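Sequence positions, counted from 1, serve as the residue numbers for this chain. Just so it is clear, the structure is predicted and the values come from calculations on it, not from any experiment. Side chains included, hydrogens not; waters and symmetry mates left out as well; all remaining heavy atoms used.
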Amino acid sequence: MIAFVSGTVAALAPDTAVVEVGGVGMAVQCTPNTLSTLRVGQTARLATSLVVREDSLTLYGFADDDERQTFELLQTASGVGPRLAQAMLAVHAPDALRRAVATADEKALTAVPGIGKKGAQKLLLELKDRLGAPVGTAIAAGPVTAGWRDQLHAALIGLGYATREADEAVAAVTPQAEAAEGTPQVGALLKAALQSLNRAR
């Protein structure tokens, strides 16, 4: 079991970070929120969970141990594999997921791509006694009351885009951010920004 990786960030992609550990580049699957905190050339420490399959070994990376533990607990529910568990953490922080399950908030779970109404109801039942009670006051993954533009811009620069490209991508997702209920989520905006950049190329 690889509990964490610590080293220099060698490369970043929309869903992966490569961290150099002892001369070896470890490819780590991360959520957009986690990736937005990383910068190429800087040192990073990611909590990790190794998922072993017959044909693959995949390392998933998280900002902290709480995220990793939640990722592993989510997979104890039937029908939840590592990709869906990661998608849930891309949309909601661990505490937001605990709160959603504790309050039977079906709508919060259906906000995750790949989870429908019936799936949400099933997950609420299965996870009720597994995730535990909320411990903090976080509302959702990557919540920001202000400065989402700066965070998004910095994340795009960190992924290797030019300042002009980052400016254009931020402008492209601004209507989406302003239309969002409550606080814009940087992770979701980063996905949309990357899509707009891919279309522009």
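Residues I2 and L46 share a hydrophobic cluster, clusters being chains of Ile/Leu/Val/Met/Phe/Trp/Tyr side chains in contact below 4.5 Å. In terms of hydrophobic clustering, with Ile, Leu, Val, Met, Phe, Trp and Tyr side chains grouped at heavy-atom distances under 4.5 Å, L97 and L73 are assigned to a common cluster. Under a hydrophobic-cluster definition in which Ile, Leu, Val, Met, Phe, Trp and Tyr are linked whenever side-chain heavy atoms come within less than 4.5 Å, directly or via other members, Y161 and V18 are assigned to different clusters. Note on V40 and V28: same hydrophobic cluster, where clusters join Ile, Leu, Val, Met, Phe, Trp and Tyr whose side-chain heavy atoms are under 4.5 Å apart, directly or indirectly.
The existence of a salt bridge linking R164 and D167 is excluded, since no basic side-chain nitrogen approaches an acidic carboxylate oxygen closer than 4.0 Å.
No option in L124, L125, D129 other than L124 meets the side chain to side chain contact (heavy atoms under 4.5 Å, CB included) test with V101.
One finds the CG atom of L35 at 7.5 Å from the CG atom of D15 (value rounded to the nearest 0.5 Å). The line from CD of E72 to CZ of R130 is 14.0 Å long, rounded to the nearest 0.5 Å.
Under a 3.5 Å cut-off, the side chain of Q75 and the backbone N or O of F71 do form a donor-acceptor pair. In this structure, the side chain of R68 engages the main chain of A3 through a donor-acceptor pair within 3.5 Å. Judged by distance alone, with hydrogens and angles left aside, the side-chain atoms of E126 form a donor-acceptor pair with the main-chain N or O of S78 at under 3.5 Å. When atom types are taken as modelled, the side chain of E165 and the backbone of A162 share a donor-acceptor pair closer than 3.5 angstrom.
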Check: residues 108-115 side-chain donor-acceptor pairs under 3.5 Å, at least two apart:
residue: T110; atom: OG1; partner: E106; partner atom: O; Å: 3.4
residue: T110; atom: OG1; partner: K107; partner atom: O; Å: 3.0

Using distance only, find each side-chain donor-acceptor pair of residues 53-64 under 3.5 Å and give its atom names and separation, not counting sequence neighbours.
residue: D64; atom: OD1; partner: D66; partner atom: N; Å: 3.2
residue: D64; atom: OD1; partner: E67; partner atom: N; Å: 2.8

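Within the 4.5 Å cutoff, no side-chain heavy atoms of Q29 are placed close to those of V51. In this structure, R98 and T70 have side chains that are in contact, with non-hydrogen atoms separated by less than 4.5 Å. In this structure the side chain of D105 never reaches within 4.5 angstrom of the side chain of R99, judged on heavy atoms. The side-chain heavy atoms of V91 and T31, taken from C-beta on, include no pair separated by under 4.5 Å. Side-chain contact check for V9 versus R39: every heavy-atom pair is 4.5 Å or farther apart.
When all heavy atoms are compared, the tightest approach of A44 to L38 is CB-CD2, 3.7 Å. Closest heavy-atom contact between M88 and L123: CE-CD1, 4.3 Å. Residue P14 comes nearest to L194 through the heavy atom pair CB-CD1, 3.7 Å, listed as atom of the first residue, atom of the second, then distance. The minimum heavy-atom distance linking T16 with A27 is given by the pair CG2-CB, 4.1 Å. Among all heavy-atom pairs drawn from L152 and L190, the shortest one is CD1-CA, 3.5 Å. Nearest heavy-atom pair across A85 and L74 is O-CD1, 3.8 Å.
Open room surrounds CD on Q69; 12 or fewer heavy atoms of other groups in view lie less than 6.0 Å from it.
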